[in-house]
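Single-structure report; data block below.
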Amino acid sequence: RLDVPKVFSLQGSLSDYLKKIGGSFLFRLQASYEASTVRAYEYATAESQLARELILEHNPSCNVKLVDYGVHPSFFDIKWDPCEEPSMLFIGSLDKRKGTHQLIDAFKDEALSHVRLVIVGAGPLEEELKAKASSNVEWRGRLSRADIQHELSQSWGLVMPTFADTGPTVLKEARVVGLPVITTHDAGAKSYLVDGENGSVISSGDVQAIIQSVLAITQSRDKCLAMGAVNWESTREELHPARSIEKFVDVYRNILNLPK
């Protein structure tokens with residue numbers, strides 16, 4: 001055994017997912033190993049304050065540094081030009097954790113009948129969700145990065161009503177492009193939002209909050225563009241890959257006690 005410092009990065013917490021949404025026997029078995037694994041490390045990086053808190057729940061003495069993962073460089077070149085018709089975008093797995101049932105229920109409400117919802121992704125709930133969805137929901141399935149970027153470029157906003165996420169990455173990608181975002185208090189990347197200014201941070205499972213947040217973004221195209229502009233430049237700076245590299249280098253320098 002080499003007597004060297006050990007460091008790990010947390011991307012998602014199985015025990016948090018289990019607490020929020022439950023899971024199968026296999027999932028519970030996998031989650032049971034998480035605490036002992038986290039306790040084996042004295043150093044860690046976390047992509048969000050939420051991720052940091054989850055690490056410290058298992059290992060209070062762990063030295064945890066916030067190092068978010070930068071967005072792929074190609075997203076910085078996307079020109080955001082929302083289409084004339086109000087539309088919102090969801091990108092992710094079609095499962096319980098992502099709040100997809102509540103999202104579909106929200107868009108069945110008459111108040112959102114004029115807003116198109118584009119769903120990108122696949123998952124175990126796909127057929128069930130399609131069966132109960134209203135006619136203003138469009139299904140794209142799994143898409144390439146280039147096609148996802150195209151959807152982002154013309155959508156009015158991203159909606160991610162997750163029940164448990166230390167990210168998600170798509171929220172950060174959307175903000176780099178410029179879209180306002182709706183997410184929940186259970187998303188780590190909510191830190192890139194100013195509630196009511198460049199999106200909304202709501203309680204998970206709250207269908208009415210989804211409806212009201214979508215209405216706020218789709219009030220007018222000008223309002224949508226103004227919301228997207230809030231903190232856009234600073235978010236792009238923070239989520240540039242070079243920034244992530246700098247932070248990881250600093251982590252290793254501190255662990256090894258090297259001069260800058």
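All values derive from a computational prediction rather than experimental measurement. Along the sequence shown, the residues carry numbers beginning at 1. These values consider heavy atoms only, across backbone and side chains, with no hydrogens, waters or symmetry-generated copies.
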With distance as the sole criterion, is a donor-acceptor pair present between the side chains of [X] and [Y] under 3.5 Å?
X	Y	result
E128	H101	yes
H58	S36	no
D68	Y192	yes
S204	T184	no
E47	S9	no
D77	S74	no
D95	S93	yes

Is the backbone of [Y] close enough, under 3.5 Å, to the side chain of [X] for a donor and an acceptor to pair up by distance?
X	Y	value
R142	V120	no
N198	L193	no
N63	E42	no

Query raised in the report: If you count the non-hydrogen atoms of other residues, nucleotides and ligands that lie under 6.0 Å from NZ in K20, is the total more than 12?
Result: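 Yes - once you tally the heavy atoms of other residues, nucleotides and ligands closer than 6.0 Å, there are more than 12.
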Requested in this report: Check whether more than 12 heavy atoms from other residues, nucleotides or ligands sit under 6.0 Å from atom OH of Y33, and answer yes or no.
Outcome: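 Counting neighbours around OH of Y33, 12 or fewer heavy atoms of other residues, nucleotides or ligands fall under 6.0 Å, so no.
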Salt bridge or not between [X] and [Y]? Use side-chain N to carboxylate O under 4.0 Å.
X	Y	value
R97	D186	no
K132	D105	yes
R116	E138	yes
K65	D250	no
D147	R140	no

Query - Derivation and outcome, side-chain hydrogen bond (donor to acceptor under 3.5 Å, both in side chains), residues S48 and T166 - result: CA-CA 6 Å; S48 63; T166 54; 5.4 Å; no
Side chains of [X] and [Y] in contact at under 4.5 Å (non-hydrogen atoms):
X	Y	answer
I91	V118	no
V137	F90	no
L239	F75	no

Query raised in the report: When the ring planes of F27 and Y17 are compared, do they come out parallel, tilted or perpendicular, using 30° and 60° as the limits?
Result: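 Rings of F27 and Y17: parallel, as their planes differ by under 30°.
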Query raised in the report: Between E126 and K130, is a salt bridge (Lys or Arg N to Asp or Glu O under 4.0 Å) present by the stated rule, with each step listed?
Result: CA-CA 6 Å; E126 183 171 356; K130 284 181 176 179; 3.1 Å; yes
Query - Steps toward salt bridge (Lys or Arg N to Asp or Glu O under 4.0 Å) verdict (E238, R243) - result: CA-CA 6 Å; E238 187 63 25; R243 180 70 174 139; 3.7 Å; yes
Query raised in the report: Do you know which of I217, I211, I210 makes side chain to side chain contact (heavy atoms under 4.5 Å, CB included) with V214?
Result: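 Result for side chain to side chain contact (heavy atoms under 4.5 Å, CB included) with V214: I210.
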Query raised in the report: Could you walk me through whether S203 and D206 pass the side-chain hydrogen bond (donor to acceptor under 3.5 Å, both in side chains) check?
Result: CA-CA 6 Å; S203 298; D206 192 336; 5.1 Å; no
Query raised in the report: Should V230 and V181 be regarded as members of a common hydrophobic cluster, given that ILVMFWY residues are connected when their side-chain heavy atoms come within less than 4.5 Å of each other, either directly or indirectly?
Result: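 The answer is no; the residues belong to distinct hydrophobic clusters.
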Query raised in the report: In terms of hydrophobic clusters joined by side-chain contacts under 4.5 Å, are L143 and V71 together?
Result: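 In one cluster: yes.
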